[in-house]
2 protein chains.
Amino acid sequence: MKAQELKKQSSVERILSAALEIFADSGFEGARIDEIAARAAVNKAMIYYHIGDKRALYARVLHDVFSDTATRLTQRVARAQTPVKKLKAYIRSMAATFEQHPLLPPILMREFASGGRNFPETVAEDMLRILDTVSSIVKQGHKKKVFIHVHPLVLHLMVVGTMTYIRSTRPVRQRLVDIAEKEVLLPESEDGSAPLADVEKLVLRAIKR
Amino acid sequence: MKAQELKKQSSVERILSAALEIFADSGFEGARIDEIAARAAVNKAMIYYHIGDKRALYARVLHDVFSDTATRLTQRVARAQTPVKKLKAYIRSMAATFEQHPLLPPILMREFASGGRNFPETVAEDMLRILDTVSSIVKQGHKKKVFIHVHPLVLHLMVVGTMTYIRSTRPVRQRLVDIAEKEVLLPESEDGSAPLADVEKLVLRAIKR
DNA sequence: GTTTAGTTTAACTAAATAGTTAAACCATAG
DNA sequence: CTATGGTTTAACTATTTAGTTAAACTAAAC
């Protein structure tokens with residue numbers, strides 16, 4: 001690859017990385033283009049030159065973060081044989097997504113709080129595919145008398161809600177520790193994975209017959 | 001009460017109500033003082049005169065919304081006798097809070113996404129009291145061999161996460177319906193309460209021995 | 001009717017903000 | 001070395017935004 005292309009790619013990657021962090025931290029409206037440029041160590045005109053305006057930048061960031069989430073989840077679930085295994089595959093796939101994109105939870109939360117008005121269309125379609133998958137798992141499991149009857153949406157929101165809250169509330173909880181020494185932090189090395197094992201265990205117990 | 005005081009109170013109430021809606025919809029940074037004033041049908045200088053700057057307004061709104069949440073929850077739980085009844089009391093009290101303050105979920109989600117940097121100190125203290133209560137319920141239940149061992153924080157985030165997601169994702173889900181006729185809306189009359197019955201049932205099943 | 005204190009307003013200020021532009025710079029081709 | 005196209009930059013523009021102020025208005029006290 002030409003040095004010039006590498007140079008461009010480096011700039012674009014730094015811009016996207018900085019944008020993701022700042023959109024996650026401040027939301028679309030609260031994010032400042034100058035701040036993104038400063039964090040990417042580029043002149044802000046480069047953002048407009050390489051990517052586009054603020055909204056185009058945001059859409060690009062969301063696209064990158066959501067990229068293949070639904071596809072990977074549905075494929076992983078398809079490979080599992082039994083409803084219980086499918087459910088575990090679904091939960092683990094969601095957990096892997098958040099593991100790979102730790103800044104996704106705050107972005108999801110803000111978008112949900114805003115009615116998803118900044119979501120690209122592809123993200124909406126991906127959500128439908130994921131819900132279809134969850135619906136299929138739950139219905140199969142109920143049919144085989146392995147799961148109780150549960151609304152797939154409630155189950156999905158329980159899984160996503162719990163995982164994103166565990167991840168996103170950590171700074172707030174750290175603040176609580178500064179107020180009073182309390183069990184509000186989960187073990188450091190586990191905030192990414194072990195609580196998600198808890199989530200899997202609790203969810204399975206919730207719906208298994 | 002004097003007519004002048006009534007007039008003032010009316011203005012202040014309209015300002016606070018408009019501010020709550022707009023802070024819920026756009027967050028602290030995304031909210032516009034001119035928009036809040038327009039919605040309250042007041043000149044924006046009145047906001048500064050009666051309440052203060054943007055941050056003071058936000059703190060006031062949060063204070064009003066969080067008002068007594070922790071107190072009412074701890075009192076309600078204290079009145080229950082058994083761990084199972086205490087757990088139900090806790091879940092129902094959270095549900096009642098969100099029922100009474102439907103704009104609280106999006107505000108909570110944004111604040112958590114922002115590390116709670118705009119939370120007043122009293123809110124942080126209230127969260128600790130709530131977590132203490134949940135911890136006590138879970139420990140008593142485990143001691144009496146009614147509940148499995150579960151980290152109280154994970155349980156609490158599961159309850160709050162599920163409830164706030166159910167409430168806050170409704171506009172996004174409505175948009176999904178516009179894309180494809182799918183079961184992504186919960187029954188209209190139930191979006192406030194029946195899913196919360198589901199949450200109670202699922203949570204109980206998750207941790208009961 | 002006058003005075004007073006509180007409420008409300010139009011107009012304003014200073015700073016912040018997204019976005020643009022012409023020019024400088026740089027790597028590559030010839 | 002020169003020309004070219006792409007990248008980067010400093011400076012800029014227009015608009016938005018939070019916050020302020022002096023004056024007008026209003027209700028109540030005297």
Side-chain angles (χ1 to χ4, degrees), chain A residues 1-63 107 110-111 114 117-118 120, chain B residues 1-63 107 110-111 114 117-118 120:
Chain A
M1 183 184 279
K2 286 168 176 175
Q4 212 174 19
E5 284 180 326
L6 280 169
K7 208 175 162 191
K8 163 185 173 172
Q9 195 177 35
S10 166
S11 303
V12 170
E13 279 166 6
R14 293 206 313 282
I15 290 169
L16 291 175
S17 175
L20 171 60
E21 288 170 22
I22 291 185
F23 283 135
D25 186 65
S26 310
F28 179 77
E29 287 105 348
R32 299 286 174 253
I33 291 287
D34 283 51
E35 195 181 345
I36 293 171
R39 183 165 300 193
V42 300
N43 184 280
K44 77 169 174 174
M46 288 175 69
I47 297 176
Y48 297 89
Y49 175 87
H50 287 291
I51 299 170
D53 64 6
K54 193 179 184 184
R55 189 162 290 278
L57 178 61
Y58 188 70
R60 172 70 182 272
V61 162
L62 282 185
H63 174 269
I107 290 181
R110 290 183 195 284
E111 280 310 318
S114 302
R117 61 175 165 264
N118 300 308
Chain B
M1 185 182 279
K2 287 169 173 173
Q4 209 174 19
E5 284 180 327
L6 280 170
K7 206 176 162 190
K8 161 183 174 172
Q9 195 178 38
S10 166
S11 302
V12 170
E13 279 165 8
R14 290 205 317 280
I15 290 170
L16 292 173
S17 174
L20 171 59
E21 289 170 18
I22 292 188
F23 283 134
D25 186 65
S26 310
F28 178 77
E29 288 105 350
R32 298 285 175 259
I33 292 286
D34 282 53
E35 194 181 348
I36 293 171
R39 183 166 299 195
V42 301
N43 184 280
K44 77 170 172 173
M46 287 176 68
I47 298 177
Y48 297 90
Y49 175 87
H50 287 292
I51 299 171
D53 64 6
K54 192 178 185 185
R55 191 163 288 280
L57 178 60
Y58 188 68
R60 173 70 182 272
V61 161
L62 282 185
H63 175 269
I107 289 182
R110 291 181 195 283
E111 278 311 316
S114 301
R117 60 175 165 262
N118 301 307

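In the text below, chain A, chain B and the rest are named by the order of the sequence lines, each starting its count at 1. Heavy-atom basis, side chains included; hydrogens, waters and symmetry copies ignored.
- A perpendicular orientation is assigned to the rings of B:Tyr58 and B:Phe23, their planes being inclined by more than 60° (bins at 30° and 60°).
- With C:dT8, D:dT20, C:dT21 as the choices, the nucleotide that has an atom nearest any side-chain atom of A:Ala45 turns out to be C:dT21.
- For the contact set between residues 50-62 of chain A and DNA chain C, defined by any heavy atom under 4.0 Å, the members are A:Asp53, A:Lys54.
- Atom CD1 of residue A:Ile15 and atom CG of residue A:Leu57 lie 8.0 Å apart, to the nearest 0.5 angstrom.
- Donor-acceptor pairing under 3.5 Å is lacking for the side chains of A:Arg39 and A:Ser17.
- Of the possible polar contacts, one joining the A:Arg110 side chain to the A:Asp25 backbone as a donor-acceptor pair under 3.5 Å is found.
- Here the CG atom belonging to B:Leu16 is positioned 10.5 Å from the OG atom belonging to B:Ser11, to the nearest 0.5 angstrom.
- Here the P atom of nucleotide C:dT20 and the CD1 atom of A:Ile47 are 12 Å apart, to the nearest Å.
- Between the side chain of B:Lys54 and the backbone N or O of B:Phe28 there is at least one donor-acceptor pair closer than 3.5 Å.
- Counting only heavy atoms from C-beta on, B:Asn43 has its side chain closest to C:dT9 among C:dT9, D:dA10, D:dT8.
- Listed nucleotides: C:dT7, D:dA18, D:dT8. Nearest to the side chain of B:Tyr49: C:dT7.
- You'll find that the side chain of A:Tyr48 is closest to C:dG19, out of D:dA10, C:dG19, C:dT9.
- In this structure, A:Ser11 reaches the D:dT8 phosphate: one of its side-chain N or O atoms is under 4.0 Å from OP1 or OP2.
- Residues from residues 27-35 of chain A placing a heavy atom under 4.0 Å of any atom in DNA chain C, listed by number, are A:Ala31, A:Arg32, A:Ile33, A:Asp34.
- Ion pairing between B:Glu29 and B:Arg117 holds under the 4.0 Å rule for side-chain N and carboxylate O.
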